[in-house]
Colleague: 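Following this message is one structure expressed as structure tokens.
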Amino acid sequence: RTSNFGHPFPSKRPPLVSKESGFCRDIGASEPTDCSAGGDTKRNGCKQISPTMTSPYILQSGALRVELVSVGASIQRILVPGRDGHVSDVVLGLENGDDYEDNAFFFGCVVGRVANRISKGRFRLNGREYQLETNNGPNHLHGGSDGLHRKRWTATEVTDTAVTFVYLSPDGEAGYPGSVAFSVKYELIGENQLCVTMRGRVLGDLQTPINLAQHTYFNLAGHASGRDVLGHELKLVADTFLELDASQIPTGVRRSVGDLACMDFRRGKMIGAGIEDVPGGMGYDHNYCFSSVDGDTREVREVAELRDPQSGRVMVVSTDAPGAQLYTAGYLDGSLAGKDKCGYEKYGGVCIETQALPDSINREEFLKGGSNVVYGPAEEYRQVVTYTFTTD
């Protein structure tokens, strides 16, 4: 079969994981750091090291190579070949692991406890109102300025093709109730698929909201290619998106993507084709709703396909989450020196942040509509997202 872009899907794509199982402004140049230079490695992956160290963990299978750092359980590099066999790093990020402690743009990290925005930083749970930090105008964003993205996670179960990061978030951290044991497992499946499994198990007797997201910025041309992502072709399997108020909080209305041509990616089109018509003037920063899901019956399914016509690289995103935030890096401005001394500019990457619907904790209609974010004693949060890389 073929995608809506007309190229064939690979006949031997790795099976989907079941629910069980930049636009770069060149301001210098340097070679990527390889953890093997430090001697603290084994054949294709780094050994478990102290959580106070920030050498990358390297996963490799075939031509696919993924480098991860413990701060924020972050993806630092993903190297994949293009149509001509040339290998490029296709994610935006920071040069050194220590740099992720001050990751204002959330490059490559896991965000939470609650990804996206919570209106006015407030929510009510079991008769008590909680006030969180408002770090995004009047709202709370991505768990606050000292959220999970800034924490040093501990790497466990390290192999050549997989690593699990764990972190214990205590009661009251960032203003959230209850203690939660978090884990994020990165695993290579076959030679072209990265599977990410995010979990949170509530400890103690308090309920708490949980909604994690993997916040990697992709540029399939290569993070240092000098090209933005406006020429990338994107397909989203979503009939609706969430209407936003002036502070980017959902109004509760799910609008048909057919209402605004710029919001409709069902048949696939260039990201830049209608970006000037997107409400707000900063490109896409909107949550798309996938087909209805219902609690434990959620299944991993294909929800997005991203393609760079020039390099021929294709990435298919699959998840069991009910939605995803499409963010086209409208707030990057070239001022931050990233990997290889690149200054990432506006539209230099695109995030497809799979997650529960934003501000669900304050929206009963979202909670009842398959977007649960409230977890209690001994309950487990879980989300799976996979990235499958091919060429056309």
Colleague: May I ask you to check whether Tyr344 and Tyr217 place their ring centres under 6.0 Å from each other?
Modeller: no

Colleague: Using 4.0 Å as the upper bound for N to carboxylate O, is an ion pair formed by Asp359 and Arg122?
Modeller: no

Colleague: Does some side-chain heavy atom of Glu101 sit less than 4.5 Å from a side-chain heavy atom of Arg152?
Modeller: yes

Colleague: Run the numbers on Ser61 and Glu191 for side chain to side chain donor-acceptor pair (under 3.5 Å), then give the verdict.
Modeller: CA-CA 5 Å; Ser61 180; Glu191 296 188 351; 5.0 Å; no

Colleague: Please answer whether the main-chain N or O of Leu141 pairs with a side-chain N or O of Asn135 as donor and acceptor at a distance below 3.5 Å.
Modeller: yes

Colleague: Look at the side chain of Arg254 and the backbone N and O of Cys289, then say whether any donor-acceptor pair between them is shorter than 3.5 Å.
Modeller: no

Colleague: I need the Ser70 OG to Phe165 CZ distance, nearest 0.5 Å.
Modeller: 6.5 Å

Colleague: For His149, what residues pass the ring pair (Phe, Tyr, Trp, His ring centres under 6.0 Å) criterion, not counting sequence neighbours?
Modeller: Phe106

Colleague: Check whether any side-chain N or O of Arg83 sits under 3.5 Å from a backbone N or O of Pro309 as a donor-acceptor pair, and report yes or no.
Modeller: yes

Colleague: Using 0.5 Å steps for rounding, measure from the CG atom of Asn192 to the CZ atom of Phe389.
Modeller: 9.0 Å

Colleague: Applying ring-ring contact (aromatic ring centres under 6.0 Å, His included), which residue pairs with at least one partner in residues 71-94 are found, sequence neighbours left out?
Modeller: none

Colleague: Output yes when Glu129 and Arg124 qualify as a salt bridge under the 4.0 Å nitrogen-oxygen rule, no when they do not.
Modeller: yes

Colleague: Could you tell me how the ring of Trp153 sits relative to the ring of Phe182: parallel (under 30°), tilted (30 to 60°) or perpendicular (over 60°)?
Modeller: tilted

Colleague: Once the angle between the rings of Tyr288 and Phe241 is folded into 0 to 90°, is it parallel (under 30°), tilted (30 to 60°) or perpendicular (over 60°)?
Modeller: tilted

Colleague: How would you list, by chain and number, every residue that makes a ring pair (Phe, Tyr, Trp, His ring centres under 6.0 Å) with Tyr186, sequence neighbours excluded?
Modeller: none

Colleague: Which other residues end up in the same hydrophobic cluster as Val114, if Ile, Leu, Val, Met, Phe, Trp and Tyr are linked when side-chain heavy atoms come under 4.5 Å apart?
Modeller: Ile118, Phe123, Leu125, Tyr130, Leu132, Tyr176, Ile361, Leu367, Val373, Val374

Colleague: Is the backbone N or O of Val91 less than 3.5 Å from a side-chain atom of Asp89, with the two atoms forming a donor-acceptor pair by type?
Modeller: yes

Colleague: Could you please spell out the steps behind the side chain to side chain contact (heavy atoms under 4.5 Å, CB included) verdict for Asp277 and Leu260?
Modeller: CA-CA 9 Å; Asp277 299 323; Leu260 290 172; over 6 Å; no

Colleague: Just grab all the salt bridge (Lys or Arg N to Asp or Glu O under 4.0 Å) pairs involving residues 131-146, residues at least two apart or on different chains.
Modeller: Asp146-Lys151

Colleague: Salt-bridged, Asp285 to Arg117, with N to O below 4.0 Å?
Modeller: yes

Colleague: Give a yes or no answer on whether the side chain of Lys346 reaches the backbone of Asp228 with a donor-acceptor pair at less than 3.5 Å.
Modeller: no

Colleague: Is the His142 ring parallel, tilted or perpendicular to the His215 ring (thresholds 30°, 60°)?
Modeller: perpendicular

Colleague: Which residues pass the ring pair (Phe, Tyr, Trp, His ring centres under 6.0 Å) test with Tyr387, sequence neighbours left out?
Modeller: Phe218

Colleague: Please determine if Glu187 and Lys185 form a salt bridge, counting it only when a charged side-chain N lies under 4.0 Å from a carboxylate O.
Modeller: yes

Colleague: Applying side-chain hydrogen bond (donor to acceptor under 3.5 Å, both in side chains), can you list everything that pairs with Tyr167, at least two apart in sequence or on another chain?
Modeller: Glu173

Colleague: Please check this pair: side chain of Asp340 against backbone of Cys342, looking for a donor-acceptor N/O pair closer than 3.5 Å.
Modeller: no

Colleague: Under the side chain to side chain donor-acceptor pair (under 3.5 Å) criterion, do Tyr381 and Gln383 qualify, and how do the steps go?
Modeller: CA-CA 7 Å; Tyr381 162 89; Gln383 187 206 143; 3.2 Å; yes

Colleague: Who passes side chain to side chain contact (heavy atoms under 4.5 Å, CB included) against His232, sequence neighbours left out?
Modeller: Asn219, Leu220, Ala221, Val229, Ile271, Leu306, Asp308

Colleague: Is Glu353 reaching over with its side chain to a backbone N or O of Cys351, donor-acceptor style, under 3.5 angstrom?
Modeller: no

Colleague: For Asp99, what residues pass the side chain to side chain contact (heavy atoms under 4.5 Å, CB included) criterion, not counting sequence neighbours?
Modeller: Leu94, Glu95, Asn96

Colleague: Does Asp245 have any side chain to side chain contact (heavy atoms under 4.5 Å, CB included) partners at least two apart in sequence or in another chain, and if so, which?
Modeller: Ser247, Ile249, Thr251

Colleague: Is any side-chain heavy atom of Val184 closer than 4.5 Å to a side-chain heavy atom of Gln214?
Modeller: no

Colleague: Residues sharing Val87's hydrophobic cluster, by side-chain heavy-atom contacts under 4.5 Å among ILVMFWY, directly or via others?
Modeller: Leu79

Colleague: Does any pair with a residue in residues 254-283 pass ring-ring contact (aromatic ring centres under 6.0 Å, His included), and if so which ones, sequence neighbours excluded?
Modeller: Phe265-Tyr284

Colleague: Output yes when Glu67 and Arg77 qualify as a salt bridge under the 4.0 Å nitrogen-oxygen rule, no when they do not.
Modeller: yes

Colleague: Under the side chain to side chain donor-acceptor pair (under 3.5 Å) rule, what do Ser371 and Arg363 come out as? Steps first, then yes or no, please.
Modeller: CA-CA 10 Å; Ser371 184; Arg363 288 282 174 187; over 6 Å; no

